[in-house]
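All ligand and atom numbering here is 1-based and tracks the order in the structure.
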Amino acid sequence: MTTLAKAHPNIALIKYWGKQHTAGNIPATPSLSITLDTLTSTTRLNTAAQDSFTLNGSLVDDPKIAACLAILREQYEIPPLVVVSDNNFPTAAGLASSASGFAALITAINHHCSLEMSQAQQSAFAREASGSAARSIFGGYVGLSQPDWVAKPLLDAELWPLRVVIAITDERPKSVSSTVGMQRSQESSPFYPTWVADSEADYLQAETAVAQQDFAALAQLAQASCLKMHAVMQSSQPPLIYWNPATLACLERIREMQDTGLEVFFTIAAGPQVKAVCTAEFEAEVTQALANVAGVRRTLTVGLGTGATIDDT
Ligand code: PMV
């Protein structure tokens, strides 16, 4: 019997960057995200004689996947598994493929092995594999914060159906992984302690902005969180500069649109792509504007989607 699970990437509006010095891959900062639709990780599972992982058609020896299975096996009886996972979007290029990939994997294992984990338990295991994966268990607007550091849904996508225009400026995998980058920032950025100290207040204000569907407030908080995180990255030693000239040109273009009254704001993860979040009314205009920025290779326009699911068909 094959089990098939699907999950979507999410993008953080309030960013997580840094880990606590404890077991369980606990973030140092709370985060708030939106789960996307259209972009999908599809994971198929079968029981077999030994574990194997195929990602986008190639057999891989990924220590993070092996570690994720090992952690699950400390608590549950899980047979050897053949895992075949495909992303319909660029892998490891700041489009959160690890978030959707691990959310789909945990969801598939939970179903395939009848583990009967709650969504909160699945989120905790996903977090151990990749912090942002904890959030892709849920759809819409999602928070990941103390005290328990499992993700929780904050608002359904249908209640505030914002749109996201993704400007892809470089499709290659990023040069420094989030895990390595976070550790470097923690050890060397002079701004890291302030970043962590401010993060809870930023998160709580964003939770309120989401609850009130206050676009202007969420825009201001999200842009500030993004730029603070990149200030921490850029002030690390050696510096983590994920931007390229097109990244900056997109920010400039978004700022111009804001000046003419468009409801749009930017966010950037650990990569060079720019995500412009906007209301449906301005989607076409924002898409066209970013597609015309020099250095933008292509744009993807997506909506907000559901959490991880099992496909029974
Ligand atoms: O979960 P990771 O290890 O891929 O790290 C995610 C880091 C950011 O995307 C930059 C921020 C976030 O909260 O998703």
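A donor-acceptor pair is defined here as one N or O able to donate and one able to accept, closer than 3.5 Å; such a pair exists between the side chain of Q186 and the backbone of K19. Proximity of a side-chain donor or acceptor of S123 to a complementary backbone N or O of Q121 within less than 3.5 Å is not detected. The backbone N or O of S189 lies less than 3.5 Å from no partner atom in the side chain of S235, so there is not a single donor-acceptor pair. A donor-acceptor contact shorter than 3.5 Å links the side chain of T35 to the backbone of F138. At distances below 3.5 Å, not a single donor-acceptor pair connects side-chain atoms of S136 with backbone N or O atoms of A133.
Checked against a 3.5 angstrom limit, the closest N/O atoms of S31 and ligand 1 fall outside it. Remark: ligand 1 and K15 share no N or O pair separated by less than 3.5 Å (distance only, no angle test).
Counting the atoms of ligand 1 from 1 in the order shown, those under 4.0 Å from a heavy atom of S132 are 1 (O), 2 (P), 4 (O), 14 (O). Residue A270 approaches ligand 1 through these ligand atoms, each under 4.0 Å from one of its heavy atoms: 10 (C). Atoms of ligand 1 found under 4.0 Å from any heavy atom of S98 (numbered from 1 in listed order, with element): 4 (O). For ligand 1 and A12, the ligand atoms under 4.0 Å from any heavy atom of the residue are 12 (C), 13 (O), 14 (O). If you number the atoms of ligand 1 from 1 as listed, the ones under 4.0 Å from a heavy atom of G131 come out as 1 (O). Under a 4.0 Å criterion applied to the non-hydrogen atoms of R135, ligand 1 contributes the atoms 12 (C), 13 (O), 14 (O). Every atom of ligand 1 is numbered from 1 in the order shown, and the set under 4.0 Å from a heavy atom of M229 is 10 (C).
Between D51 and R73 there is a salt bridge, with a side-chain nitrogen of the basic residue lying less than 4.0 Å from a carboxylate oxygen of the acidic one. Salt bridge status for D170 with R297: absent, with no side-chain N to carboxylate O gap under 4.0 Å.
Protein heavy atom at the shortest distance from atom 5 (O) of ligand 1 is M182 CE, 3.4 Å. With hydrogens left out, the protein atom closest to atom 3 (O) of ligand 1 is S178 CB, 3.5 Å, a heavy atom. At the top of the distance list for atom 8 (C) of ligand 1, counting protein heavy atoms only, stands Y16 O, 3.9 Å. Nearest to atom 9 (O) of ligand 1 among the protein's heavy atoms is A269 CB, 3.8 Å.
Here F102 and F125 keep their ring centres 6.0 angstrom or further from each other.
Taking the six-membered ring where tryptophan is involved, the planes of Y242 and W17 are perpendicular, since the angle between them exceeds 60° and thus also 30°.
With a 4.0 Å heavy-atom cut-off, ligand 1 is reached by the backbone of S130 and by its side chain too.
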